[in-house]
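Start at 1 and go down the list; that is how both ligands and their atoms are numbered. Atoms considered below: every heavy atom in the structure, side chains included; atoms not considered: hydrogens, waters and symmetry mates.
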Amino acid sequence: MKRESLIRLSKSSIGADEKRAVMGVLDREYLGMGVEVQNFEKALTEFFGRPALCVVNGTAALHLALQACGIGRGDEVLVQSLTYVASFQAISATGAVPIPCDIDPLSLTLYLQDAEKRLTPRTKAIMPVHYSGGVGELDQIYSFARTHGLRVIEDAAHAFGTTYKGKRVGGFGDIACFSFDGIKNITSGEGGCVVTSDPDVIRAIQDARLLGVENDTVMRYSDQRSWTFDVSRQGWRYHMSNIMAAIGIEQLKRISEFALKRKLLAQAYDKHLRENPNIKLLNHDYSSVVPHIFVVEILNGLDRDLIRQALADKLIQTGIHYPPNHMLSLYSEPVLHPLLFTDSLYPRLLSLPLHVDMDLSDVSYICSELIDALSR
Ligand SMILES: *Cc1c(COP(=O)(O)O)cnc(C)c1O
């Protein structure tokens, strides 16, 4: 089977409705934060069953959530090292120190026994990252946080649509932050949201996303702005635009279709690769997990980078999620306890293409080329 076009690792899926919605905003010539943002927030609030606030991207959502919890200089936040640098940058942006933790080798989510060892009197919060869409043992993280008086800020950038014990991720717990960047489970171009039941956090973020201008959100919802105002706290220019929200509203309508497709593709990958002795799969149950990326572990000392090259030669794009943050110059500190699983797993991780415009024959093709490359 010869392919002519590249199978992309990930991509947006934009239909006529998204394009029409953006044109509507452009025609109205009110591009900033206004009615569309309010409507997207209403739709998200209904989706999660509790308040959601839109911001400019997922990193801003995490930064604002941490700031709203009063986390800053002198504080420490526990977070898995194997995550996008966004999680770490959001923490260090507040002045707090991200404390890199190890991962559970089966789900690649935060390994609680390891996090426990890194607890200090300065620990103020824990940030579980829902790596690839699975949430690991989230209940245990919440009971750990309760025991030690920690805030929980979930980095749910990968997990839009995932359910845990029958409940929608973001619909329960302390604070969950999502990303709507171009390749996430739904997109608004760029964008993100914070979901929480905490009215103090909601109030703080409403102002902080608009440069700290107090009560400006209410004005913006009616396409107005405040001309006299006070500012009493540090804020940022982190609000969402109407153009972005217009895309997001249409994408949210397609979430069931998107979720179903992502689950179906992941299940097909599992079926093709399950028996292969050179591959280990994540332990996700795709009846509840909506996968953002499809990650496999390459076993038996086979060279991951050679396999990537072999797949690239067959027009299959792959990825590596992610360089562990404790190996980055900004965040490398001498660690008391080594991150054993992260260090040993990272060189063996490989992400295969996953996006909703693929079909089952793409998965078959990718798997047969992968199996071929593994047996050479
Ligand atoms: C995408 C992502 C973010 C940040 O989202 P942006 O919208 O890109 O700022 C945070 N954490 C993880 C794990 C992500 O993949």
Tyr131: heavy atom below 4.0 Å from ligand 1, yes or no?
->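 It does not, in that no heavy atom of Tyr131 comes within the 4.0 Å cut-off of ligand 1.
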
Using 30° and 60° as the class boundaries, would you call the ring planes of [X] and [Y] parallel, tilted or perpendicular?
| X | Y | value |
| --- | --- | --- |
| Phe40 | Phe180 | tilted |
| Tyr322 | His158 | tilted |
| Phe172 | Tyr164 | parallel |

Which residue and heavy atom of the protein sit nearest [atom], plus the separation:
| atom | result |
| --- | --- |
| atom 15 (O) of ligand 1 | His158 NE2, 2.8 Å |
| atom 8 (O) of ligand 1 | Asp181 OD2, 3.3 Å |
| atom 2 (C) of ligand 1 | Lys184 NZ, 2.7 Å |
| atom 11 (N) of ligand 1 | Asp155 OD2, 2.7 Å |

Can you tell me if Asp359 uses its side chain to pair, donor with acceptor, with the backbone of Ser361 under 3.5 Å?
->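 Yes; judged by distance alone, with no hydrogens or angles, the pair exists.
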
Spacing of CG belonging to Leu64 relative to CG belonging to Leu53, to within rounding of 0.5 Å =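 Leu64 atom CG to Leu53 atom CG measures 9.0 Å (nearest 0.5 Å).
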
Rounded to the nearest 0.5 Å, what separation is found between the CZ atom of Arg209 and the CG atom of Asp216?
->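 Result: 9.5 Å between the selected atoms.
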
Closer than 4.0 Å to some heavy atom of [X] - which atoms of ligand 1 meet that?
| X | result |
| --- | --- |
| Ala157 | 2 (C), 3 (C), 10 (C), 11 (N), 12 (C), 14 (C) |
| Thr83 | 13 (C) |
| Ala86 | 3 (C), 4 (C), 10 (C) |
| Gly191 | 7 (O) |

Compute the shortest N/O to N/O distance between Gly58 and ligand 1 and return yes if it is under 3.5 Å, no if not.
->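 It does: an N or O of Gly58 is found under 3.5 Å from an N or O of ligand 1.
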
Evaluate the side-chain proximity of His321 to Leu108: yes if any heavy-atom separation is below 4.5 Å, no if none is.
->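 Not touching, per the 4.5 Å side-chain cut-off.
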
Is Tyr322 touching ligand 1 with its side chain, its backbone, both, or neither, if touching means heavy atoms under 4.0 Å apart?
->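 Only the side chain of Tyr322 comes within reach of ligand 1.
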
From the candidates Thr187, Val56, Asn57, Thr59, the one that places a heavy atom nearest atom 4 (C) of ligand 1 |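 Checking each option, the heavy atom nearest atom 4 (C) of ligand 1 is found in Thr59.
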
Is there a donor-acceptor contact under 3.5 Å linking the side chains of His284 and Ser132?
->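 Indeed, the side chains of His284 and Ser132 share at least one donor-acceptor pair under 3.5 Å.
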
